[in-house]
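Notes for the one structure printed next.
Convention: sequence-line order gives letters A, B, ...; per-chain numbering from 1. Note that the structure is a prediction, hence the values are computed from the model and not measured.
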Number of protein chains: 2
Amino acid sequence: MAGRSHVTLEDVARTAQVSLATASRALNGAASVGQELRARVLAAAEELAYAPNVHARVLAGSAQPTVGVICHDVSDPYFATIARGVMRVAGQNDLLVMLASTFRDPAKEIAYVSMLRAQRASAILLIGSAFEDRAWERALAAEIEPYQRAGGQVAVVSRHRGLRVDSVQPDNRAGAAALGRALLALGHRRFAVLAGPRDLTTVVDRIDGFRDALADAGVALAEADVVEAGFTRDGGHEAMRELLARKSGATCVFAVTDVMAIGAMTAARSAGVRVPDDMSLAGFDDISVVRDLTPALTTVSLPLEELGEHAMNLAIRADRGKRSRVVRVNGEVVLRASTAAPRH
Amino acid sequence: MAGRSHVTLEDVARTAQVSLATASRALNGAASVGQELRARVLAAAEELAYAPNVHARVLAGSAQPTVGVICHDVSDPYFATIARGVMRVAGQNDLLVMLASTFRDPAKEIAYVSMLRAQRASAILLIGSAFEDRAWERALAAEIEPYQRAGGQVAVVSRHRGLRVDSVQPDNRAGAAALGRALLALGHRRFAVLAGPRDLTTVVDRIDGFRDALADAGVALAEADVVEAGFTRDGGHEAMRELLARKSGATCVFAVTDVMAIGAMTAARSAGVRVPDDMSLAGFDDISVVRDLTPALTTVSLPLEELGEHAMNLAIRADRGKRSRVVRVNGEVVLRASTAAPRH
DNA sequence: CTGAAAGCGCTTACAG
DNA sequence: CTGAAAGCGCTTACAG
């Protein structure tokens, strides 16, 4: 911070007429300081509006009360909700959270980890799907491993191959498969998928789980029925337009995230396609706003805030054991008005 | 951070066979270091996976590259979108953002400012409406003022009375008034307002602006037609249920935020009240998802990301002048399908 | 261009 | 219970 000087512990000590050591102890609540002196120190600190310098504190050996959280985009409801869970637990433990958005730039993710290492953050949380890219994985590991070696805690939400870290893993495959079975049970036989980029593990897992469930029922999902677009609301909108242009004949569409499904639903409406009358639509995640859509969205419900809480708890309750811990979280299919039996 | 020791500059210097000073200069890109030595230092740092200790750096006089952002709740789309703007500008300037959620606890807001002071954050951004509470205002000022005196930058989004800080001010009053006029022009004469807690300045300003516009047209807004509830989606839901139970006779409802309007719309639907056929509904903010509602929501559009960008820019481009700067941002009424002329 | 040394603001053995 | 002093890991005048 540029600018004029701060009030220091020395100022407080001088004002209270005690030594630096005593001032430090009084402020940190050491039991060994006498009533009289403690009162003087507290009064002086108050009077001078003293704010201890965390940098000096950490450098002198105190624990650093900050944790870093890296996600793709804070404004995405999926991340925002997970972040909410993270911050609640952090707040309960008097931890300050540094939140970074990578905007899906792999290089930025690495740069942030590096900055958090430099900060000596006590823990780093990586929220969101990894990139399927060997070089990137190695570069990330090159930051993470020295950090862990120096005692840093790392936890991730969603899979991160090639990293020995504690993780919270939503079972994307099983959730998507369960959704597939539920949609089959409704009577659908012609499906399409609106997907995000295939270099995200989450995308791949959800497509695979869905495809497998269909295959088990003897229903094929052709490559032509998978439309790839951005992992955003606008991506979903675009993908749905593309799908409709292809005249795929699908009676039921699975968007791999709710956020994409929201865009898809609006695109369908704009094109005069009624959901679910003309076409059923389902998403994944159960972000809170999907209850308020018309029709309300069928989806696979993930306990998003809990995901964040679990991750933060893994990081806080460090386990010095050898193996990395995994918290598996299951999704639950929630059928709402956006899906119905196909018309004949 | 607990645990084993970190690689330090001294390790790098020893490995590169240079002095501490030279290692430091080489790593910080000082032009004065010779090619040969610079290369050795860089190689050593790379080999040892050296991450400089920010705390030591800041203590020794470097600028601290972190800014603190305090908002009510990251998972609220209004804040999340503003935060997105903040983080974009921060990212462009190689600043790390520490984001805190107060969950609307005034005491927590003060505690966070205090922690950010201790961190020597180069700037603090306060996003969101202030609390109308004298004691709280004083306590906040008691943290903010010493921070500024020591050179810290502060910027706020939305009004913060009693603080001499740079600010970005959405014109809530004028926006609500413009909305009121637009709804009057549609032919409505009986209005109701779904409001958040009155101790938030944003709530008061929006109600007042709306009420004034109606008054100018000779239309009264009775206190009984203002329903107060939580400043959330569920608050909006509850407020609408309450309003319908009161059988107010309003043909048009203004929810003071889009988030509340979303809950209100679902409540109306559940009660069999059709929007806009039976009742028009409007919000405020223009968070992105309101385009995807059915019907799409009429609202006052605020350039949310820009709000965040402006705030961050104010904080970065410090102006050592006497007066605090104000960036005023106007809202624009956007009429969508959720409002229509009243039926007779 | 390079290095030895002081200093940033704390905490914490070590004495007393 | 209290204090003098070392040390945390850097940066930056100050010499050379």
With a 4.5 Å limit on heavy-atom distance, are the side chains of [X] and [Y] in contact?
| X | Y | answer |
| --- | --- | --- |
| B/Val165 | B/Ser324 | no |
| A/Ile144 | A/Arg164 | no |
| B/Tyr78 | B/Leu304 | yes |
| A/Arg325 | A/Leu314 | yes |

Over how many whole Å does the gap from [X] atom [atom1] to [N] atom [atom2] extend?
| X | N | atom1 | atom2 | value |
| --- | --- | --- | --- | --- |
| A/Leu20 | D/dA4 | CG | P | 9 Å |
| B/Asn53 | C/dG9 | CG | C1' | 14 Å |
| A/Asn28 | C/dT12 | CG | P | 7 Å |
| B/Arg38 | C/dG3 | CZ | C1' | 17 Å |
| A/Glu36 | D/dT2 | CD | P | 9 Å |
| B/Leu9 | C/dA4 | CG | P | 14 Å |
| A/Glu10 | C/dC8 | CD | C1' | 11 Å |
| A/Leu37 | D/dT2 | CG | C1' | 8 Å |

Reckon [X] has a side-chain N or O less than 4.0 Å from the OP1 or OP2 of [N]?
| X | N | value |
| --- | --- | --- |
| A/Thr22 | D/dG3 | yes |
| A/Ser24 | C/dT11 | yes |
| A/Tyr50 | C/dC10 | yes |

Give [X] one of three labels, base, sugar-phosphate or nothing, depending on what nucleic acid heavy atoms sit under 4.0 Å from its own.
| X | answer |
| --- | --- |
| A/Ser32 | base |
| A/Gly34 | sugar-phosphate |
| B/Val33 | sugar-phosphate |

Parallel, tilted or perpendicular: ring planes of A/Phe79 versus A/His72, cut at 30 and 60 degrees: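 A/Phe79 and A/His72: perpendicular rings.
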
Taking every non-hydrogen atom, the tightest pair across B/Ser122 and B/Val67: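 Looking at all heavy atoms of both residues, the shortest contact is OG-CG1, 3.8 Å.
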
[X], nearest nucleotide to its side chain (from [options]):
| X | options | answer |
| --- | --- | --- |
| B/Ala60 | C/dC10, C/dC8, D/dC14 | C/dC8 |
| B/Ala21 | D/dA4, C/dT11, C/dA4 | C/dA4 |
| A/Leu59 | D/dC8, D/dA4, C/dT11 | D/dC8 |

Comparing B/Gln17 and A/Gly61 on DNA chain C - which has the more 5′ nearest nucleotide: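 Comparing both residues, the 5'-ward one is B/Gln17.
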
Structure string for DNA chain C in dot-bracket form, Watson-Crick and G-U at under 3.5 Å, | interchain: |||.||||||||.|||

Euclidean distance for P, D/dT2 against D/dA6 (whole angstrom): 23 Å

Distance-only side-chain donor-acceptor flag, B/Glu10 / B/Thr8, under 3.5 Å: no

Polar contact flag, side-chain donor to acceptor under 3.5 angstrom, B/Asn28-B/Arg57: yes

A/Arg25 (side chain) and D/dG3 (base): donor-acceptor pair under 3.5 Å: yes

